[in-house]
Colleague: 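Starting off with a structure, shown below.
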Amino acid sequence: MGCTYQKRGWQFKFKIYLTTYICILLVMTKAEEFPNTTDVYDTYSTGTTFGQLNNISSSEFNTTSTPNVAASNISTPAPTTDPSMRTPQITSIQSQNQPVDCSQREKSRKQPIAISTSRLRKCCPLGENLDFYRENQSDSMCDNAVLNFEPTVISAVLFDNCIEDLEIPTILPYEIGNPCNSVTFFSSFQYEDPEDQFFVLQDGSLLIIDKNGNESYTVEENYCLDQDKSGHMLAFICITQVEEVSKAKIIIVAVMMLISMPCLLLVSYLHLTLRLLRNLHGWSLALMSLCLACGYFVHSVVHIYGIPAGGFIGYVIQFFILSFFFWYFCICCNVLLNIWYKLPFYVQFSKTWTILNFGAYCLFAITGPAILVSLTVQKGLPGMPSYFQQGLTESIRDSQRYFIPPVSTLLGLSFLAMIISFFGFQRIKTDGYLRADEDEKINSTPIRQFDQQKYEDVKKDAKCVALLGIIILLAWLFEIVTFYSPGNEVYLLLCDMINGLQGLWIMLIFLVVRRRRTIILRWWYDRGTHTIVEGTEMQPVNKTLHPT
């Protein structure tokens, strides 16, 4: 159809020129006074027909200077960026008597326009290619890249069966993953480059030219593009659309996060201010709450005000949320260290060793999230955590590979640490006190007394950590349910709200544990004097405390 339209245009021009020339002869006017007909084709145009696009090498990345070729059946030299080298190609066009631009075509109503959110949608993360590992090709996976992913990006204007290349340099960032509502790539409609030609337009949409379909083209917005290890370019087009999370739901959960933020900041302030809570355990708990408060605050502000979540701000949120879970693991390890090492072996850290121990926790809680964020950036994945999202698409599920699996692993290890700590308490209860009492009776030599006060402090801290773990585990289970649920039921909003109020639940724990509740209430009644009156239920904790 396209080619036929172009030939009629040439015949029409030829008839005009022939008629003009006959008129010139009739009026006996010199031919030199009229422009030469070949000069029409001497003027270079950026018009691009299917033949030109078909001859662009698919391995040329971000090619913007493209030679003009009139039809797909013309053999064309390799593309060049030197304007002086275009003349022989234009001469070849003249010899074939084909049009070189789209000026006679009707412009398409919908034109690609580049904006700040324009993305080239790649199926696999950066540095990975498609790897088809089943004979029937019913499933696919991403594996380490063998070939570089180098699609052709062009800036173009679309006409009726004609594309005009603007030859403007265009570089698009990547959006990783299959955006379709499917578990596998093959649930989508598949195109292959031996039969079709792929180009990415300046707005990130995919231009598909059918080589065997009368030179027609289509433009797809919901797609992902990648290549297999043999170098074949593959495109997967979405058949069904994915429902987005409603704005009302996002606002509701974001408000819940803002409610949690002052609760978490209060917990941090109390453990950094009150002398009876200002120890190794308190410092770790304060920084854990502070990280979650920062992550919730930025996360909620981004969604309430519609700030683009991609790029740097998404990685900042990912770092703070991950750091929260790393700090909780450090707190569990601190309880384990106390009950299995410090108490049984009568080890009492000096102030210097306590600071070094806290520094080790800080190093772990910073470098761990930093490594995961770095891997996310390296793979080109968005850093925004899975809150407000449902993993309905391959793109969303793949974006969480450095968030959901690491957090689930950390919570599993934390639970294991608390189980081991429980057996440590049983060991101290059966061996520690009894051994000390019996040795005092039978031995005349004085033995080192078991630090009963420190044992009670560690026991109360462990109780607090256990309750905290229940809250964190339940909130995480709610998050997993909402992320992997295929529906849009009302109970999913309730799960998100419970998860968003996680800071409130953490603060309520300190009203459940009597020791911390009494310290906080006494501090409140005494208006910050931190003085514990004798004869109260806090009398045992008014003794000299050792950092734990």
Side-chain angles (χ1 to χ4, degrees), residues 253-304 312-335 354-355 357-373 383-385 387 403 406-407 410-411 414 461 464-465 467-469 471-473 475-476 479 499-511 513 516 519-520 523-524 528 530 547-548:
V253 183
V255 171
M256 298 297 102
M257 289 185 172
L258 289 179
I259 294 175
S260 292
M261 189 187 66
C263 300
L264 293 168
L265 293 178
L266 178 61
V267 172
S268 298
Y269 173 78
L270 293 176
H271 283 82
L272 293 176
T273 304
L274 300 184
R275 180 179 60 85
L276 295 176
L277 300 178
R278 196 171 58 241
N279 49 31
L280 183 59
H281 175 81
W283 294 340
S284 302
L285 194 57
L287 289 183
M288 182 197 74
S289 302
L290 186 62
C291 287
L292 186 60
C294 293
Y296 272 5
F297 174 74
V298 181
H299 204 295
S300 58
V301 168
V302 163
H303 286 85
I304 289 176
F312 177 75
I313 193 168
Y315 300 128
V316 170
I317 298 174
Q318 181 189 14
F319 174 83
F320 280 122
I321 300 296
L322 284 173
S323 185
F324 163 74
F325 291 102
F326 272 82
W327 272 115
Y328 176 70
F329 179 68
C330 290
I331 293 174
C332 295
C333 291
N334 186 61
V335 174
T354 301
I355 294 176
N357 192 3
F358 178 69
Y361 292 159
C362 289
L363 184 64
F364 175 74
I366 293 175
T367 56
I371 291 174
L372 293 174
V373 172
M384 181 63 64
Y387 299 107
F403 181 71
V407 170
L410 279 174
L411 292 180
S414 301
D461 289 341
C464 177
V465 173
L467 293 175
L468 183 64
I471 296 298
I472 295 176
L473 284 174
W476 184 249
E479 175 62 22
N499 193 18
L501 289 174
Q502 190 172 173
L504 177 62
W505 315 135
I506 292 175
M507 187 188 71
L508 291 178
I509 290 176
F510 299 97
L511 301 180
V513 180
R516 279 178 165 72
I519 292 176
I520 294 172
W523 168 79
W524 177 260
H530 305 180
T548 59

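Only heavy atoms go into these numbers, but all of them, side chains included; no hydrogens, no water, no symmetry mates. All values reported here derive from a predicted model rather than from experimental measurement. This chain uses plain numbering: 1 for the first residue, then up along the sequence.
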Colleague: Report yes if the side chains of I471 and L508 come closer than 4.5 Å at any heavy-atom pair, otherwise no.
Modeller: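 Heavy-atom side-chain distance check fails, nothing below 4.5 Å.
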
Colleague: At what distance, to the nearest 0.5 angstrom, does CD of Q502 lie from CE of M256?
Modeller: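 Answer for the CD-CE pair, Q502 versus M256, is 14.5 Å.
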
Colleague: From L467 CG over to I472 CD1, what is the distance, rounded to the nearest 0.5 angstrom?
Modeller: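 Those atoms lie 11.0 Å apart.
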
Colleague: Which value, rounded to the nearest 0.5 Å, describes the distance between S268 atom OG and M507 atom CE?
Modeller: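 It is 12.5 Å, given to the nearest 0.5 Å.
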
Colleague: Roughly how far, to the nearest 0.5 Å, is the OG atom of S414 from the CG atom of L410?
Modeller: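 L410 atom CG to S414 atom OG measures 6.0 Å (nearest 0.5 Å).
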
Colleague: Start with the C-alpha distance between I331 and H281, add both sets of side-chain angles, then the distance that settles side-chain contact (heavy atoms from CB on, under 4.5 Å), and finish with yes or no.
Modeller: CA-CA 7 Å; I331 293 174; H281 175 81; 3.6 Å; yes

Colleague: Can you name the residues that form a ring-ring contact (aromatic ring centres under 6.0 Å, His included) with Y387, not counting sequence neighbours?
Modeller: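 ring-ring contact (aromatic ring centres under 6.0 Å, His included) check on Y387 returns H299.
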
Colleague: For the backbone of L270 and the side chain of T273, can you confirm whether one donor and one acceptor N or O come within less than 3.5 Å of each other?
Modeller: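 No, because the side chain of T273 does not come within donor-acceptor range (under 3.5 Å) of the backbone of L270.
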
Colleague: So do the side chains of R278 and W283 get within less than 4.5 Å of each other, counting heavy atoms only?
Modeller: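 Yes - at least one pair of side-chain heavy atoms lies under 4.5 Å apart.
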
Colleague: For residues N334 and N357, determine if any side-chain heavy atom of one lies less than 4.5 Å from a side-chain heavy atom of the other.
Modeller: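 When only atoms from C-beta onward are counted, N357 and N334 do touch, with a gap below 4.5 Å.
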
Colleague: Would you say L468 and M288 make side-chain contact, with heavy atoms under 4.5 Å?
Modeller: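 Touching, per the 4.5 Å side-chain cut-off.
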
Colleague: Identify the two heavy atoms, one from S260 and one from G500, that lie closest to each other, and give their separation to 0.1 Å.
Modeller: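 Where S260 meets G500 most closely, the heavy atoms are OG-O, 2.6 Å.
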
Colleague: Can you give each donor-acceptor pair under 3.5 Å made by side-chain atoms of residues 317-330, sequence neighbours left out, with the distance rounded to 0.1 Å?
Modeller:
unit_1, atom_1, unit_2, atom_2, d
Q318, NE2, T376, OG1, 3.1
Q318, NE2, Y402, O, 3.4
S323, OG, A365, O, 3.3
Y328, OH, V465, O, 3.4
Y328, OH, G469, N, 3.3

Colleague: What's the separation between atom CZ in F403 and atom CE in M384, rounded to the nearest 0.5 Å?
Modeller: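 That separation rounds to 10.5 Å.
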
Colleague: What residues, two or more places apart in sequence or in another chain, satisfy side-chain contact (heavy atoms from CB on, under 4.5 Å) together with L265?
Modeller: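 side-chain contact (heavy atoms from CB on, under 4.5 Å) check on L265 returns M261, L290, A293.
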
Colleague: With a 6.0 Å cut-off (strictly less than), is the heavy-atom count around CZ of F364, excluding the residue itself, greater than 12?
Modeller: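 It does: F364 CZ has more than 12 such atoms within range.
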
Colleague: Which value, rounded to the nearest 0.5 Å, describes the distance between L274 atom CG and N279 atom CG?
Modeller: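 Reported to 0.5 Å precision, the distance equals 11.0 Å.
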
Colleague: Got I506 and L292 here, is their nearest side-chain heavy-atom distance under 4.5 Å?
Modeller: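 A side-chain contact exists here, since the closest heavy-atom pair is under 4.5 Å.
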
Colleague: Would you say V302 and V298 make side-chain contact, with heavy atoms under 4.5 Å?
Modeller: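 Side-chain contact under 4.5 Å: yes.
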
Colleague: Which atom pair, heavy atoms only, marks the closest approach of G282 to H271?
Modeller: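 The pair with the smallest heavy-atom distance is O-CB, 3.4 Å.
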
Colleague: Tell me, do L287 and F358 make a side-chain contact under 4.5 Å, heavy atoms counted?
Modeller: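 In contact.
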
